[in-house]
Amino acid sequence: MQLYNKLSAEERAKLIDEAGKDRITISFYQYYKIENPQLFRDKLFIEWDKLDVLGRTYVSYEGINAQISVPAENFLALKDQLDSISFLKDIRLNVAVEQDNKSFLKLKIKVRNKIVADGLNDNTFDVTNKGVHLSAKEFNEMLADPNTVCVDMRNHYESEIGHFEGAVTPDVDTFRDSLDIIEEDLKEHKEDKNLLMYCTGGIRCEKASAYYKHKGFKNVFQLEGGIIEYTRQVKEENLENKFLGKNFVFDHRRSERISDDVISNCHQCGKPCDTHTNCANEGCHLLFIQCDECAEKMENTCSAECQEIIHLPYEEQKARRKGKHASNKIFKKGRSEKLKFQKGNTCNA
């Protein structure tokens with residue numbers, strides 16, 4: 001019985017084109033004690049493979065975190081399948097703001113130690129003792145309160161292209177890094193300020209709100225469903241949109257436009273731009289912001305060195321990559337001395 005994806009991204013893309021059917025990109029998460037994550041993962045793969053679900057999902061002893069796409073015609077069948085699982089019954093599904101049939105090209109369900117890489121080894125706090133969830137309307141109201149500190153719980157490359165008005169955007173590479181920085185910066189206001197948090201779909205805030213309550217913060221709030229659900233409610237209820245720019249997403253789309261504001265710049269020439277790309281040199285694969293003009297000039301690479309490499313014979317490119325570990329040195333997000341106008345670079349003064 002097939003329990004793993006066997007098609008390449010190219011083969012799957014061709015099948016999607018041939019099918020000619022619209023797909024819906026959705027995400028959801030749930031903290032729950034899963035006794036046997038591997039068994040749950042295998043059952044999930046079998047069910048989702050039948051429904052032509054694609055995407056990336058993490059399962060652990062603490063729950064599930066899923067970013068997936070499904071043919072529109074199978075959406076209700078997927079909902080029924082999730083409802084048949086006790087702890088996922090009536091789970092909120094965050095539907096993407098902008099749809100793309102090729103947002104995901106493979107079905108990957110992995111068993112991990114945690115459903116979010118938080119780096120926390122503190123098991124003394126209760127992850128279910130979370131902050132107050134706010135609707136988009138309630139979030140806007142609290143955002144306007146001068147007694148509120150709004151914090152973006154995402155990483156620098158996410159908040160760089162889009163964030164809420166007046167939000168604190170920690171210049172961090174990981175979720176774990178932001179936890180300590182925020183606690184230190186707000187340590188004098190654990191009781192007299194509203195700590196208002198948001199992230200992409202809500203899962204990071206779920207863990208962070210419980211963590212900060214454990215650390216003594218009294219007034220902890222989080223945006224229900226994150227930026228994705230906020231955008232849906234703003235449109236549905238005709239509310240004022242307080243989010244500027246794009247929402248970074250972890251699929252082939254890379255982002256969803258929430259407002260017309262362009263708040264970042266091309267990392268190579270400095271002109272206003274909020275389009276992420278991955279360096280075309282597979283031995284680099286750096287994520288950075290690149291405008292159309294630079295993309296054409298640099299052939300989607302981050303530097304003259306990488307541009308030279310992509311013109312080498314494929315076997316020589318492979319030889320150069322051999323033995324190099326795909327670490328943060330290679331797959332880092334927008335952090336390179338080669339990028340003159342990257343966030344935080346002193347060259348961008």
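Comment: Arg232 engages Glu236 in a salt bridge, judged by a side-chain N to carboxylate O separation of less than 4.0 angstrom. Salt bridge absent: Lys14 and Glu10 never bring a charged side-chain N and a carboxylate O closer than 4.0 Å. Contact check on Asp17 versus Lys102 returns a salt bridge, with a Lys/Arg side-chain nitrogen under 4.0 Å from an Asp/Glu carboxylate oxygen.
Here the closest non-hydrogen pair linking Arg253 and Ala96 is NH1-CB, 3.4 Å. Gln30 and Phe87 make their closest contact through NE2-O, 3.2 Å (heavy atoms, listed as atom of the first residue, atom of the second, distance). Closest approach of Asp52 and Arg23 over heavy atoms only: O-NH2, 2.6 Å. For the pair Gly131 and Gln222, the tightest heavy-atom approach, listed with the atom from each and the gap, is N-OE1, 3.5 Å. When all heavy atoms of Lys193 and Pro146 are compared, the closest pair comes out as NZ-O, 3.9 Å. Looking at every heavy atom in both residues, Ala208 comes nearest to Leu179 through CB-CD2, 3.9 Å.
Taking OG of Ser264 as the start and NZ of Lys271 as the end, the distance is 12.5 Å to the nearest 0.5 Å. Here His267 contributes atom NE2 and Lys338 contributes atom NZ; the two are 15.0 Å apart, rounded to the nearest 0.5 Å. The CG atom of Asn113 lies 12.5 Å from the OH atom of Tyr58; values are rounded to the nearest 0.5 Å. Here CE of Met153 is found 11.5 Å from NZ of Lys207. Values are rounded to the nearest 0.5 Å. Between the OG atom in Ser135 and the CD atom in Glu141 there is a gap of 7.5 Å [rounded to 0.5 Å]. A distance of 10.5 Å separates OG in Ser84 from NZ in Lys79, rounded to the nearest 0.5 Å.
Ring orientation note: the planes of Tyr211 and His214 are tilted relative to one another, at an angle of 30° to 60°. The aromatic rings of Phe139 and Tyr198 stand perpendicular to each other, their planes meeting at an angle above 60°, with 30° marking the opposite boundary.
With a 4.5 Å cut-off on side-chain heavy atoms, Ile26 and Phe75 count as touching. Counting heavy atoms from C-beta on, the side chains of Arg204 and Met197 never come closer than 4.5 Å. When side chains are defined from C-beta on, Asn265 does not count as touching Cys273, because their heavy atoms never get closer than 4.5 Å. Residues Cys199 and Cys205 meet the side-chain proximity criterion, which asks for heavy atoms closer than 4.5 Å. Taking 4.5 Å as the limit, some side-chain heavy atom of Ile182 sits within range of a side-chain heavy atom of Pro170. Asp100 places none of its side-chain heavy atoms less than 4.5 Å from the side chain of Thr25. In this structure, the side chains of Asn241 and Tyr230 come closer than 4.5 Å at one or more pairs of heavy atoms. Gln81 places none of its side-chain heavy atoms less than 4.5 Å from the side chain of Leu88.
The one candidate from Gln268, His276, Glu296 that meets the side chain to side chain donor-acceptor pair (under 3.5 Å) condition with Gln290 is Gln268. The one candidate from Leu78, Ile109, Leu93 that meets the side chain to side chain contact (heavy atoms under 4.5 Å, CB included) condition with Ile68 is Leu78.
A donor-acceptor pair is defined here as one N or O able to donate and one able to accept, closer than 3.5 Å; such a pair exists between the side chain of Lys213 and the backbone of Lys130. Judged by distance alone, with hydrogens and angles left aside, the side-chain atoms of Asn219 form a donor-acceptor pair with the main-chain N or O of Glu191 at under 3.5 Å. Judged by distance alone, the side chain of Glu158 and the main-chain N or O of Asn155 form a donor-acceptor pair under 3.5 Å. For the pair Asp274 (side chain) and Ile263 (backbone), a donor-acceptor distance under 3.5 Å is absent. For the pair Arg257 (side chain) and Ser259 (backbone), a donor-acceptor distance under 3.5 Å is present. Not one N or O on the side chain of Ser69 forms a donor-acceptor pair closer than 3.5 Å with the backbone of Ile24. One N or O on the side chain of Thr148 and one on the backbone of Met142 form a donor-acceptor pair closer than 3.5 Å. Between the side chain of Gln67 and the main chain of Phe104, no donor-acceptor pair closer than 3.5 Å is present. Between the side chain of Gln342 and the backbone N or O of Ser336 there is at least one donor-acceptor pair closer than 3.5 Å. Between the side chain of Asn65 and the backbone N or O of Ile203 there is no donor-acceptor pair closer than 3.5 Å.
A donor-acceptor contact under 3.5 angstrom links the side chains of Thr174 and Asp177, judged on distance only. There is a side-chain donor-acceptor pair under 3.5 Å between Glu206 and Tyr29. If you check the side chains of Ser159 and Thr169, you find no donor sitting under 3.5 Å from an acceptor.
A 6.0 Å sphere centred on OH of Tyr61 holds no more than 12 heavy atoms belonging to other residues, nucleotides or ligands. The number of heavy-atom neighbours closer than 6.0 Å to CG of Asp80, taken from other residues, nucleotides and ligands shown, is above 12. By the neighbour-count criterion of 12 heavy atoms within 6.0 Å, atom CD of Glu308 is sparsely surrounded, having that number or fewer from other residues, nucleotides or ligands. Counting non-hydrogen atoms of neighbouring residues, nucleotides and ligands closer than 6.0 angstrom, the CG atom of Asp260 reaches no more than 12 such neighbours.
Linking Ile, Leu, Val, Met, Phe, Trp and Tyr whenever their side-chain heavy atoms come within less than 4.5 Å leaves Ile258 and Val262 in two separate clusters. The cluster map of Ile, Leu, Val, Met, Phe, Trp and Tyr, joined by side-chain heavy atoms under 4.5 Å apart, puts Phe243 and Leu196 in the same cluster. Residues Val151 and Phe221 are members of separate hydrophobic clusters, defined by side-chain heavy-atom contacts under 4.5 angstrom among Ile, Leu, Val, Met, Phe, Trp and Tyr. Clustering ILVMFWY residues whenever any of their side-chain heavy atoms sit less than 4.5 angstrom apart, transitively, puts Leu143 in a cluster other than the one holding Val149. In the hydrophobic clustering of ILVMFWY residues, with side-chain heavy atoms under 4.5 Å counting as a link, Ile161 and Leu244 come out apart.
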Step-by-step salt bridge (Lys or Arg N to Asp or Glu O under 4.0 Å) determination, Lys21 to Glu73: CA-CA 8 Å; Lys21 297 178 180 179; Glu73 63 183 19; 2.8 Å; yes

Starting from the C-alpha separation in whole Å, work towards a yes-or-no answer on side chain to side chain contact (heavy atoms under 4.5 Å, CB included) for Phe40 and Ile64. CA-CA 10 Å; Phe40 179 74; Ile64 181 173; 4.1 Å; yes

Determine whether Leu134 and Glu224 satisfy the following criterion, side chain to side chain contact (heavy atoms under 4.5 Å, CB included), listing intermediate values before the conclusion. CA-CA 5 Å; Leu134 300 181; Glu224 171 73 20; 5.9 Å; no

Working for side chain to side chain contact (heavy atoms under 4.5 Å, CB included), residues Glu299 and Ile310: CA-CA 9 Å; Glu299 299 178 274; Ile310 66 171; 4.0 Å; yes

Could you go step by step and tell me if Leu287 and Phe248 meet the side chain to side chain contact (heavy atoms under 4.5 Å, CB included) rule? CA-CA 12 Å; Leu287 180 74; Phe248 187 95; 3.9 Å; yes

